[in-house]
Amino acid sequence: MNKILDGLNESQRAAVQHVEGPLLTLAGPGSGKTRVVTHRIAYLIEQGISPYSIVALTFTNKAAQEMKHRVGRLLGDSPVWMGTFHGYCARFLRYYGRMIGLSENFSIFDTDDSKSAIEQAIMNTDVSLTHLKLPDIIKGISNLKNRAITPEMLDGQARSAVDHAIRKVYPAYQKYLLQNNAVDFDDLLMHTATILRTNNELRADLDEKHRYILVDEYQDTNLAQYLIVRGLSLDYPNINVTGDPDQSIYGWRGADIANILNFERDYPNVQVVRLEENYRSTPEILSAADVLISSNTRRKEKTLIPTRESGEKVRIATYASARDEADHIADQIAVHVLQEEAHPKDFAILYRTNAQSRLLEQALLKRKLNYQLIGGFRFYHRQEIRDLLAYLRLVNNPTDDISFHRIVNVPPRGLGEKSLAQVSELARAREIPMLVALRAAIDRAMLSKKALSGAKKFLELYDELVNRSAISIVEMLKHVLHATDYIKYLASKKSEAPDESIEGNVQELLSDASEVDQNNEDGTGLQQFLEQVSLSADTDNLTDDNRVTLMTLHAAKGLEFPHVFIIAVEQDILPHSRSRYDANQTEEERRLLFVGITRAKQTLQLSSASQRGFGNNRMSSASPFLMELPRAEMQMLDYTMSNGRFDTFDDQWPDSSFGDSESFLHKPSKKGAKSSKPKEIRFEDFGSEFSEEKVDEPLELFDEPFSDELENAAQKPKKQDKKPASGIKEPGIQGIDGNDELGAFATKLLAINHQLPRGMKTASELGSSVTLTGTPVDVFEAGMRVSHPRYGLGAILSVDGFGPKKMARIAFDEGDTKSFQLSKAPLEIA
DNA sequence: AATATGTTCATTTTT
DNA sequence: TGAACATATT
């Protein structure tokens, strides 16, 4: 009993002890929401409620895992169902999908698959794309699904050309999906909602079974999700929704804030509990958040009550360029880390769009700060992974034509466009799956000799996979790899020696698969594996390794960090240009910033730059949101005149020379008598101390006990950190023992900090080894100064291609102009 | 079928 | 800006 209720404040306790009837928990950021939810689950069980009757729904796997973990800590293993909406629906449809024509081995199409499928469907209609944009159609269909509107429910009234097209494409798409025995993400929700809506008997049955429903982040539910939740809590309205209207940031995905705003209307006798005490952030941070969000009109008033002690002022920084912004932020992090005031993992850098991570990545790399990038390219979106999975998917669901198309000629088997068109025609005419059509085409001798042999080869491989599916997933994967010599094929396709990153990814996939194999008791392993893979998101890859975290504001929801930087708080970025003319969308952008601000526990910096963008000629102005903040109580920093020089270290560097590390021995004095003249320190200044030769000599720089760690930090963010060499303090900033060394180390580090270390992999390779969570880091771009061991210094004229094939033309100072494949050439940033 | 070259396009967030 | 797409070339 005590374990469950101890340490909770009054309102938290009220929520936890609520048992019967509807409960609305309005939980501000940092108010211990997850704690309440998990403790409530424990409390219910303690009251004798069957764990089988409790269902807890979240939006992300991460939130679900966290919940499981914490409930586990309170209760040990328990059969409470905790998972994502999509996961719940997938399971639901495995059972009841047949009601709408799905069999239990259906495929789940991700957005790419879905796009291909829509393209296929369009070919079955008379819709022409010449005057329409495919993304508009895709979005339109998704919007309908989010509102659980099936094709049958559409009336004939088209209000625009896109609308008109959608009315034709949507039914064709649904038909195509059904023929493929497949669903897309939106279908998972829509189909579930539809089945519940049209089968009251089943609905009532489940309502009774799932008597206690908990929904996290209720402000982010869309209509389809609303219908599902509603359907499951009609007869037994023991429903607890938790959320914060101020953190609703998924309107674009169909989330309807009205669901939470109207909850009290939907369910009579709602108990409302407000969690307003904030246990996360300093009063300074909360004040900024509070003042900002009060500019929103469409919201439920709510206060943030600080419980933490006062801390540093929130900073608003202005830079001349995005590059300065990145450099300065990385500098600040480096200094804190070097002084052992914080670990890399204490820092998060948040931004509006994924594209904005690049400069920061570069800046962190240059300083050898370890980071993890969340979002961007996803593991399961990599070509090698998708290809391999397509083989598995086709085995699991032979009617999955999208998977068929993906791999039928991968690696090339001579089944070119022409032959496949014939097969497609046959498939379409007879409404049979491609796989079946291919066999038929062979029987009817429709194929050329070359295509015939390719087709036979493919079918042979496929049939063998089916055989092995009885053994294990790993066996299947291994067979594909072996039979197709896949890695060699992919490497040659990318005109590259076998790349370890591809192998690494494949290895990762194999180990994921083997995990499922081991727990596969009921023989549904393959299906489970595919489902798990389809429904996994990249935010799930968040680790608590000691690394700086880079991610979008959206991805940051639910997380917290001691030190947060929010970058590019600029007009047209945040708020985003596409939300400019829509007051509701502007409010959502404001909420997004609110979410970002409230991630910070101790310090927070919001920054903008006046130049950002590709040609650095894009002028940018500060976000109007910055004007709404309580500026009087914040610290305003103007670095626009710094010209790459920052005074970050004014009070931290020794006065005299940098060789003198005296002042590093002690914590920097608290800016005592207002350090007379701010000294500006440029990194370039270190150049004289550490001449070119020295900088060029890696041993000199890395011949320290911690060199391993540094190298490792920069190169292999994903892999487990190497064991620290003995005598190294863990987890200091990569462990430096004694301030003496810290001084020397800091000086050296900063001296080279605009230089990527020799021996470090080139950008593209790095990109692939950052893989699992990350976007490739393309460090090289036109205009950059680089050095080549053979040809010396030069400037990049242009950069072409991408990935491992990315080429750069370089004009060397000695006169030659040469082209290099960036993934191979031993180039360094000069 | 693979490569080279030219063209257009669109620039958010993601389960 | 560059990346996806389309077309031309070998």
Side-chain angles (χ1 to χ4, degrees), chain A residues 57-64 83-90 108-112 114-115 129 133-136 139 142 145-146 183-190 217 220-222 224-225 248-255 350-356 358 374-376 378 380-381 409-419 450 454 492-495 531 534-540 551-557 568 572-580 585 588-589 591-593 595-596 612-618 776 778 780-783 798-803 805-807:
Chain A
L57 297 166
T58 65
F59 277 79
T60 63
N61 293 302
K62 177 152 196 340
T84 63
F85 264 101
H86 289 84
Y88 179 87
C89 292
I108 299 173
F109 283 177
D110 67 18
T111 32
D112 289 344
S114 148
K115 186 179 167 206
L129 282 180
K133 278 174 273 162
L134 184 60
D136 288 337
K139 213 175 296 165
S142 176
K145 290 186 174 182
N146 286 156
V183 300
D184 63 22
F185 281 138
D186 297 326
D187 282 341
L188 287 169
L189 305 174
M190 180 181 76
E217 309 280 16
D220 288 331
T221 47
N222 61 30
Q225 286 161 321
S248 163
I249 54 174
Y250 286 102
W252 53 273
R253 216 171 75 190
L350 311 179
Y351 35 81
R352 176 68 237 263
T353 70
N354 282 119
Q356 277 138 16
R358 261 179 63 187
I374 309 297
R378 305 170 190 186
Y380 289 117
H381 278 211
N409 201 30
V410 173
R413 301 181 174 91
L415 279 163
E417 220 173 308
K418 247 174 69 194
S419 327
K450 194 170 116 195
S492 74
K493 195 181 157 195
K494 294 187 169 180
S495 69
E531 181 172 314
S534 309
L535 298 181
S536 88
D538 37 62
T539 35
D540 305 341
M551 62 183 153
T552 62
L553 288 159
H554 282 90
K557 189 155 77 150
D572 289 345
I573 293 180
L574 181 62
H576 195 270
S577 53
R578 308 232 330 199
S579 61
R580 185 187 279 185
Q585 282 188 52
E588 179 154 316
E589 297 284 307
R591 291 194 291 269
L592 194 52
L593 182 55
V595 167
R612 183 176 309 272
F614 317 113
N616 6 296
N617 38 9
R618 185 116 113 212
D778 291 38
F780 294 99
E781 48 189 49
S798 61
V799 177
D800 283 302
F802 57 98
K805 279 202 252 177
K806 193 161 172 173
M807 302 281 292

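For clarity, every value in this text was computed on a predicted model and none was experimentally measured. Letters A, B, ... mirror the listed sequences (proteins, then strands); counts begin at 1.
Of the listed residues (A:R253, A:R591, A:K557), just one forms a salt bridge (Lys or Arg N to Asp or Glu O under 4.0 Å) with A:D220, and that residue is A:K557.
The side chain of A:P412 has B:dA2 as its nearest neighbour among B:dT15, B:dA2, B:dT13. For A:F185, counting side-chain heavy atoms from C-beta on, the closest listed nucleotide (B:dT15, B:dT14, B:dA10) is B:dT15. In the set B:dT12, C:dA3, B:dA1, B:dT12 carries the atom at the smallest distance from any side-chain atom of A:H576. The nucleotide whose nearest atom lies closest to any side-chain atom of A:T552 is, among B:dT12, B:dT14, B:dT15, B:dT14. Side-chain proximity of A:K115 to the nucleotides B:dT15, B:dT12, C:dC5 is greatest for C:dC5.
Residue-level contact check: A:K557 touches neither bases nor backbone, having no heavy atom under 4.0 Å from any strand. Counting any heavy atom pair closer than 4.0 Å across all strands shown, A:K145 reaches no nucleic acid atom.
Side-chain N/O atoms of A:W252 and base N/O atoms of B:dT13 include a donor-acceptor pair closer than 3.5 Å. For B:dT13, its base never sits under 3.5 Å from the side chain of A:R253 at any donor and acceptor pair.
Contact check, A:N61 against B:dT15: no side-chain N or O comes under 4.0 Å of OP1 or OP2. Checking the phosphate oxygens (OP1, OP2) of B:dT15, no side-chain nitrogen or oxygen of A:N222 falls inside 4.0 Å.
Nearer to the 5' terminus of DNA chain B, by closest-nucleotide assignment, is the contact made by A:S579 (compared with the other of A:S579 and A:H86).
For the pair A:Q356 CD and B:dT12 P, the interatomic distance rounds to 10 Å; values are reported in whole Å. Between the CD1 atom of A:I108 and the P atom of B:dT15 there is a distance of 14 Å, given to the nearest Å. For A:F85 and B:dT14, the CZ to C1' distance is 16 Å, given to the nearest whole Å. Protein atom CZ of A:R358 is 17 Å distant from nucleotide atom P of B:dT11, rounded to whole Å. We find that CG of A:N409 is positioned 8 Å from P of B:dA2, with the value rounded to whole Å. Atoms CE (A:M551) and P (B:dT15) sit 13 Å apart, rounded to a whole Å. Computed from coordinates, the A:E217 CD to B:dT14 P distance equals 15 Å when rounded to whole Å. Between A:L57 atom CG and B:dT15 atom C1' there is a gap of 13 Å when expressed in whole angstrom units.
Between A:D187 and A:K145 the shortest side-chain heavy-atom distance falls below 4.5 Å. Looking at A:R413 and A:K450, their side chains never come closer than 4.5 Å, going by heavy atoms from C-beta outward.
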(request) I would like to know whether A:T353 and A:Q356 meet side chain to side chain contact (heavy atoms under 4.5 Å, CB included); could you show each step before the answer? (result) CA-CA 6 Å; A:T353 70; A:Q356 277 138 16; 3.3 Å; yes

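Smallest separation of non-hydrogen atoms from A:A64 and A:G83: CB-CA, 3.8 Å. Of all the heavy atoms in A:L553 and A:L574, the pair that sits closest is CD1-CD2, 3.9 Å.
When the C1' atom is used for both C:dC5 and B:dT12, the distance is 22 Å, rounded to whole Å.
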